[in-house]
Amino acid sequence: MDNRKTRILTGITTSGTPHLGNYVGAIRPAIAASRADDAESFYFLADLHSLIKAQDPVRTQRSTLEIAASWLACGLDPERVWFYRQSDIPEISELTWYLTCVAGKGILNRAHAYKAAVDKNRAEGEDDDAGITAGLFMYPVLMGADILIFNADQVPVGRDQIQHIEMARDFGQRFNHIYGREYFALPEALIDEEVATLSGLDGRKMSKSYNNTIPLFAPRDQLKKLVFSMLTDSRAPGEPKDTEGSPLFQLYKVFASAGETAAFARAYADGIGWGDAKQQVFEIVDREIAPLRERYEALMARPQDIEMILRDGAKRLRERYAMPFIAELRAAVGLRDLSDANAMAAADDEGSPVETPVPTFKQYREADGKFYFKLMEGDRLLLTSIGFDSPRDAGRRVAAMKEGALEGNADFRLADGVGSDEVNAALARFVAAQLAHE
Ligand code: TRP
């Protein structure tokens, strides 16, 4: 790849209204990162994804507006980062189809969100796929297109999203292999272990699903009311209080300097009354949020400005990257000008520049009576399985692997000096060879 800047891409789910937990855990760190000079950053509103869950058009529109206004109010600068709406980049939808046609269905079967929905159906005695849309099933492919269309190198995500990034790598790798060139850079998940999670009003993790949140831009008096409704214990003023496990203290800490936090801890030890403590927490939160709230309200009053910012971002981004790249991909798959015979011949020459052998699976039995398999690339050993009790068990695992991806299963061991990316590439070649025979 050329020596371009590292590309960092962040997808923002457009559902609900952001709360303080989102701000502290995601928005604030992401905006701080967006100020780095050594990266090219992409921030987009994943509104196509939102349709999988939310099918009320008025709420979809409202939520997209609120989330865009929130990120802008918190300091995202559309002059220095790419800020856009997924649905404004039709090339993402087009790429979704090209990836759909190389993605292994078996890999999607194993996506956590889909599997959880199937498990729930089974537990309730329903059909496996009852009430599950193809949209939920295809979620990872659309997400792969979000990432691959801009050849993002790094994708900051929570742990629950790591599997999606692995899938994006897999789809990209398969496409590269089938069409014989490194069209796509393979993205990496960037996991920030540091980010704070906040407790909500009731002491559990602040989350929309627990209904215990403090909206990020609650008006001042409502913010105060909510802070004053936070869970405390029954210790009276004058009794020393524990900072450990106190949701109030935790909230104070993420908005305060180290010195302020130390002073507040002393106040706890000295037996500050809960009313006074709440007043201090409210003030420290409001100190940071008040100016953002003011900007947020000004932005919300001018939705046409936000619309313009988003459209402008998408327009520039399409011209710069998405349109030329999709044209290249369209040609790569063979959706071409029929009169252009040169392209036909030239592209044929380009195909499969290096001939790496198609890998093979070998099943065998060891002296311990167990059944094993190994994956070979020519004479080279890539991995060996653990011992299975029956040839059927071993065969089943082989069949799963033949669908494409390795995944974090513990029932095999990579051979010395072999990386999982290499095995994934070999599996992609295996799948491509199967497809070519069909
Ligand atoms: N799935 C992500 C989430 O739930 C949102 C998202 C959609 C995303 N497309 C993306 C994140 C691409 C990173 C890259 O949080």
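Numbers for residues simply follow the sequence, beginning at 1. One-based numbering, in listed order, for ligands and for the atoms of each.
A cation-pi arrangement, defined by a distance under 6.0 Å to the six-membered ring centre and an angle within 45 degrees of its axis, is present between Arg28 and Phe255.
Between Tyr84 and the choices Tyr321, Tyr43, Phe150, the ring pair (Phe, Tyr, Trp, His ring centres under 6.0 Å) rule is met once, by Phe150.
No part of Tyr43 comes within 4.0 Å of ligand 1, judged by heavy-atom distances.
Short contacts between ligand 1 and Val155, defined as distances under 4.0 Å to a heavy atom of the residue, involve ligand atoms 13 (C), 14 (C). Atom numbering of ligand 1 starts at 1 in the shown order; those under 4.0 Å from a heavy atom of Phe44 are 9 (N), 10 (C), 12 (C). Remark: ligand 1 atoms within the under-4.0 Å shell around heavy atoms of Leu9 are 12 (C), 14 (C).
Between Arg4 and Asp153 a salt bridge is recorded (basic side-chain N to carboxylate O distance below 4.0 Å). Salt-bridge annotation for Asp170 and Arg174: present, with a side-chain N of the basic residue lying under 4.0 Å from a carboxylate O of the acidic one. For Arg330 and Glu91, the salt-bridge test fails: no basic side-chain N is under 4.0 Å from an acidic carboxylate O. A salt bridge does not link Asp312 with Lys315: none of the charged nitrogens is closer than 4.0 Å to a carboxylate oxygen.
In terms of protein heavy atoms, atom 9 (N) of ligand 1 is closest to Asp146 OD2, 2.7 Å. Scanning the protein for heavy atoms near atom 8 (C) of ligand 1, the closest one is Gly11 CA, 3.6 Å. Regarding atom 1 (N) of ligand 1, its nearest protein heavy-atom neighbour is Tyr139 OH, 2.6 Å.
Side-chain N or O atoms of Arg59 include none that pairs as donor or acceptor with a backbone N or O of Ala54 at under 3.5 Å.
For atom 7 (C) of ligand 1, the choice among Gln86, His49, Gln161 with the nearest heavy atom turns out to be His49. Which of Val157, Ile12, Thr13 comes nearest to atom 15 (O) of ligand 1 through a heavy atom is settled by distance: it is Thr13.
Any N or O atom pair closer than 3.5 Å counts here, and His164 shares no such pair with ligand 1.
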